Trainee: 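Dumping the structure here so I can ask a few things about it.
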Amino acid sequence: MDSGPVVRTWAAPAKINLALHVTGRRPDGYHLIESLAVFTRFGDRVEIAPADSDEFSVSGRYAPDVPLDGGNLVLKARDALRQAAGIRSTPPVSIRLEKNLPVASGMGGGSSDAAAVLRGLGESWGLDIDSAELARIGLSLGADVPMCLAAKPLVARGIGEELSVVPDFSALGLVLVNPGTPVSTAEIFAALSHRDNEPLPPLPRRIDFHSLRNWLEVTRNDLEPAAVAMQPAIGRALSWLDKAGSGFSRMSGSGATCFGLFETGNVAKRAAAEIRARQPDWFVAATRSMASEAE
Ligand code: ATP
């Protein structure tokens, strides 16, 4: 009996910058950052199947906001990997993207989609490309793609491509809230008044809810003041998280998504339901971050 083409699904988690310090600027204009980032169970999904010719389709709540043409990072990732494969065989594939993450929202959705495609096609095509080479291809697509390929708690430095995975990092209960205002990363960086801020302080030896909350109190997202000034709804998202009982609330990346840190998954779910009831048009998701070791 024909069981049909083999369809496999790859997770494209949301990237959450728990802290993001802007520490300088390179002569070419790229900003230097230090960021502690985690990746969540909630995210986009990428489905890959063999096909007669290359195909691409998008479903999900935020499908209308992404380009369907060559501007989509999914197709850029497919084409970059095919080019890197050289004479190795890279037969046509059908790629379906389930777009659950709001676009231009500070959660690295496009970068994570690209990472899922690189990982997924690397396996589907049996390319045997090592992780350093995959990260190099990823970096050519965007500064955040290498960290999305790692998808573990990590500190990113440089322009985001120098990665140190953080061990002993427990899963966290998180609520993600986006008030629906897309934010241009370039505009936020351009609006910064200081670009030579203090680096991140040393991390606690073991990271759980309590040690992380103490550490977060002495760190920053240096992009948050400029983003809140441009989009006051971000300030409202942060106050809703606080009102719903978040242990710590901050904006991720260049916004507008904000995260709240919760001690347990159940408390996070209750808080998300409360915010959703008050702001039915906002994006609100309760999720858990991935721990450094499988839990
Ligand atoms: P970051 O935190 O890295 O700045 P972001 O979450 O703010 O990322 P993305 O959602 O990755 O931003 O989108 C940034 C831009 O990339 C948008 O202008 C969008 O049109 C384009 N884009 C291309 N492909 C995708 C994709 N697959 N998903 C989302 N956006 C995409």
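Position 1 is the first residue of the sequence; numbering continues from there. Order of appearance sets the numbers: ligands from 1, and atoms from 1 within every ligand. Model, not experiment: these values are computed from the prediction.
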Trainee: Any atoms of ligand 1 less than 4.0 Å from a non-hydrogen atom of N72? List them with their elements.
Mentor: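 Taking each heavy atom of N72 in turn, ligand 1 has 23 (C), 24 (N), 25 (C), 26 (C), 27 (N) under 4.0 Å.
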Trainee: Run the numbers for me: atoms of ligand 1, each under 4.0 Å from some heavy atom of G109, listed by number.
Mentor: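 Going through ligand 1 atom by atom, the ones under 4.0 Å from G109 are 6 (O), 11 (O).
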Trainee: Under 4.0 Å from a heavy atom of T185: which atoms of ligand 1 are those, numbered in the order shown and with their elements?
Mentor: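 Those of ligand 1 that fall under 4.0 Å from T185 are 4 (O).
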Trainee: Just by distance, no angles: are the side chains of N100 and E98 close enough, under 3.5 Å, to form a donor-acceptor pair?
Mentor: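 Short answer, yes.
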Trainee: Does the side chain of R82 pick up a donor-acceptor pair with the side chain of T90 at under 3.5 Å?
Mentor: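 Yes, T90 and R82 have a side-chain donor paired with an acceptor closer than 3.5 Å.
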Trainee: So for atom CD, which belongs to E55, do other residues, nucleotides or ligands contribute more than 12 heavy atoms lying within a distance under 6.0 Å?
Mentor: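 Above 12, so yes.
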Trainee: For K76, state whether at least one heavy atom is located under 4.0 Å from any atom of ligand 1.
Mentor: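 K76 does not count as a contact of ligand 1 under the 4.0 Å cut-off.
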Trainee: Considering distance alone, does some N or O of G106 sit under 3.5 Å from an N or O of ligand 1?
Mentor: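 Among all N and O atoms of G106, at least one is under 3.5 Å from an N or O of ligand 1.
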Trainee: Scan the protein's non-hydrogen atoms and note whether one is under 4.0 Å from atom 18 (O) of ligand 1.
Mentor: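 Under the 4.0 Å cut-off, atom 18 (O) of ligand 1 has no protein heavy-atom neighbours at all.
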Trainee: With a 3.5 Å cut-off and no angle check, do the side chains of N197 and D222 form a donor-acceptor pair?
Mentor: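 Yes - a donor-acceptor pair under 3.5 Å links their side chains.
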Trainee: Under 4.0 Å and counting heavy atoms only, is there anything from the protein next to atom 26 (C) of ligand 1?
Mentor: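 Within 4.0 Å of atom 26 (C) of ligand 1, protein heavy atoms are found.
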Trainee: Is a donor on one side and an acceptor on the other found under 3.5 Å between the side chain of N221 and the backbone of M251?
Mentor: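 Between the backbone of M251 and the side chain of N221 there is a qualifying donor-acceptor contact (under 3.5 Å).
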Trainee: If you count the atoms of ligand 1 from 1 in the order shown, which ones are under 4.0 Å from a heavy atom of D144?
Mentor: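 Matching atoms, with element in brackets: 1 (P), 3 (O).
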Trainee: Please say whether L97 places an N or O atom under 3.5 Å from an N or O atom belonging to ligand 1.
Mentor: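 It does not: no N or O of L97 is found under 3.5 Å from an N or O of ligand 1.
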Trainee: For atom 31 (C) of ligand 1, tell me which residue out of P182, S105, G110 has the closest non-hydrogen atom.
Mentor: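 Among P182, S105, G110, the closest heavy atom to atom 31 (C) of ligand 1 comes from G110.
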Trainee: Taking the side chain from N72 and the backbone from P67, do they hold a donor-acceptor pair closer than 3.5 Å?
Mentor: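 Yes, N72 side chain to P67 backbone: donor-acceptor pair under 3.5 Å.
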Trainee: Is it the case that over 12 heavy atoms from other parts of the model lie below 6.0 angstrom from the CZ atom of R205?
Mentor: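 No, because the 6.0 Å sphere around CZ of R205 holds 12 heavy atoms or fewer from other groups.
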Trainee: Might you work through the ring-ring contact (aromatic ring centres under 6.0 Å, His included) test for F283 and F42, ending with a clear yes or no?
Mentor: CA-CA 12 Å; F283 162 87; F42 183 86; 5.6 Å; yes
Trainee: Counting only non-hydrogen atoms of the protein, does one fall under 4.0 Å from atom 29 (C) of ligand 1?
Mentor: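 So far as the 4.0 Å threshold goes, atom 29 (C) of ligand 1 is in reach of a protein heavy atom.
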Trainee: Indicate yes or no: does an N/O atom of A104 lie under 3.5 Å from an N/O atom of ligand 1?
Mentor: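 Yes, since at least one N or O of A104 sits under 3.5 Å from an N or O of ligand 1.
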Trainee: What do you reckon, does M107 have a nitrogen or oxygen under 3.5 Å from a nitrogen or oxygen of ligand 1?
Mentor: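 For ligand 1, there is an N or O atom that lies under 3.5 Å from one belonging to M107.
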Trainee: D65 versus ligand 1: do any nitrogen or oxygen atoms come within less than 3.5 Å of each other?
Mentor: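 Between D65 and ligand 1, no N or O pair is found under 3.5 Å apart.
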Trainee: Which residue pairs pass the salt bridge (Lys or Arg N to Asp or Glu O under 4.0 Å) test when at least one of the two sits in residues 134-150, sequence neighbours left out?
Mentor: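 Applying salt bridge (Lys or Arg N to Asp or Glu O under 4.0 Å) to every pair that reaches into residues 134-150, excluding sequence neighbours, yields K15-D144, E133-R136.
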Trainee: Can an N or O of G255 be found at a distance shorter than 3.5 Å from an N or O of ligand 1?
Mentor: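 No; every N/O pair is 3.5 Å or more apart.
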